[in-house]
Protein chains: 2
Amino acid sequence: MATQPPTADTNEDTEIEQRNADLCNVVGSIEEIGSKWKLIIINDLRDGEKRFNELKRSTGASSYTLSRVLDDLEKQGFVENRKEFESPVASYYSLTNKGGALCPVFDALDDWGGNWLE
Amino acid sequence: MATQPPTADTNEDTEIEQRNADLCNVVGSIEEIGSKWKLIIINDLRDGEKRFNELKRSTGASSYTLSRVLDDLEKQGFVENRKEFESPVASYYSLTNKGGALCPVFDALDDWGGNWLE
DNA sequence: CGGCATCCTTGGAGATACTG
DNA sequence: CAGTATCTCCAAGGATGCCG
């Protein structure tokens, strides 16, 4: 992709706008979930429903952080919470469709890691 | 960070290790590039070579941040730097193979954004 | 143009302790 | 078990200035 010289820039603007339209999705996505804990937690929930302390153990997040991030993810619509009020309270977290739709992203990450990590 | 549990551990560890084996690639990847600016900058370089101030404009990062993150990315092997010392110095940044191999991740993000953003 | 050096503010996040 | 409440600390990152 050679940078076009400033001559005959008729198409350049639209090209750039086109590109921005392209990249906006990525940047927007990054703004939404581009933080370490969000990514790790969402990824961890790909296995299916998990409870609070289970997540705490598997992600290594403190309960404070976990609580906050889960709350955030729930508000953003990535995660669902289901509570059972019997005996010792149990609350289960799982991905919504929106959250589950991120699987290809993690698959790609997994793939990349397999080739380039270590 | 290896927190030693005071009480003798159960066979829970093997379970966790098993899980880590599965998720390690993803988590490892996230640990390496799971920060907003790194992702945004790498994504921005997918178009090809860009110079410092070009990146500064297109990413919106301050020169301080941009400089730091680029430096980091270079050390991590995601980004390459090419300098031209003539006239006003020019330095161009581009993705290495390792960095370019992340394209599928961004494609997946782009795809996701297209469906779930806005 | 590229990019450090500084100062300063914010919040991300660990540790710990406490409740329903 | 599933959180909430503090307290605290440190790194991320904006603003600004300077310099080759």
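To find a chain, count down the sequence lines: A is the first, B the second, and so on, and within it residues start at 1.
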Passing candidate, side chain to side chain contact (heavy atoms under 4.5 Å, CB included) with B/Asp110, options A/Val105, A/Val26, A/Val27: A/Val26

Tell me the interatomic distance from A/Leu70, atom CG, to D/dC1, atom P, rounded to whole angstroms. 16 Å

From C/dG2, D/dC1, D/dG3, pick the nucleotide closest to the side chain of A/Phe52? D/dG3

May I have the distance from B/Asp71 (atom CG) to D/dA12 (atom C1'), rounded to whole angstrom? 15 Å

What's the CG-P distance between A/Leu73 and D/dG3, to the nearest Å? 13 Å

Grab the NZ-P distance between A/Lys56 and C/dG14 for me, whole Å please. 11 Å

Within this structure, what is the CD-to-P distance between A/Glu54 and D/dA2, rounded to whole angstrom? 8 Å

Nearest-Å distance for atom pair CD/P, residues A/Glu31 and D/dG13: 11 Å

Could you check how far CG of B/Leu39 sits from P of D/dA12, rounded to whole Å? 14 Å

Report the distance from atom NZ of B/Lys38 to atom P of D/dA11, rounded to the nearest whole Å. 14 Å

Mark yes or no: B/Lys98 above the aromatic ring of B/Phe78, with NZ or CZ under 6.0 Å from the six-membered ring centre and no more than 45 degrees from the axis. yes

Please tell me if A/Trp37 has a side-chain N or O lying less than 4.0 Å from either OP1 or OP2 of C/dG12. no

Evaluate the side chain to side chain contact (heavy atoms under 4.5 Å, CB included) criterion for residues B/Ser29 and A/Trp116: first the C-alpha distance (whole Å), next the side-chain angles of each, then the deciding distance (0.1 Å), finally the verdict. CA-CA 9 Å; B/Ser29 309; A/Trp116 295 93; over 6 Å; no

Ion pair A/Arg46/A/Asp107, N-O distance below 4.0 Å: yes

What is the nucleic acid contact for A/Lys83, judged by heavy atoms within less than 4.0 Å: base, sugar-phosphate only, or nothing? sugar-phosphate

Looking across every strand, which nucleic acid part, if any, lies under 4.0 Å from A/Tyr92 by heavy atom: base, sugar-phosphate, or nothing? nothing

Please determine which of B/Ile41, B/Asn43, B/Leu45 meets the side chain to side chain contact (heavy atoms under 4.5 Å, CB included) test together with B/Thr59. B/Ile41

N-O pairing of B/Glu80 and B/Arg82 below 4.0 Å: no

For DNA chain D, find the residues of residues 58-68 of chain B with a heavy-atom distance under 4.0 Å and give them by number; none if there aren't any. B/Ser62, B/Tyr64, B/Thr65

For A/Asp44, run the salt bridge (Lys or Arg N to Asp or Glu O under 4.0 Å) check against A/Lys56, A/Lys38, A/Lys50 and tell me which one passes. A/Lys50

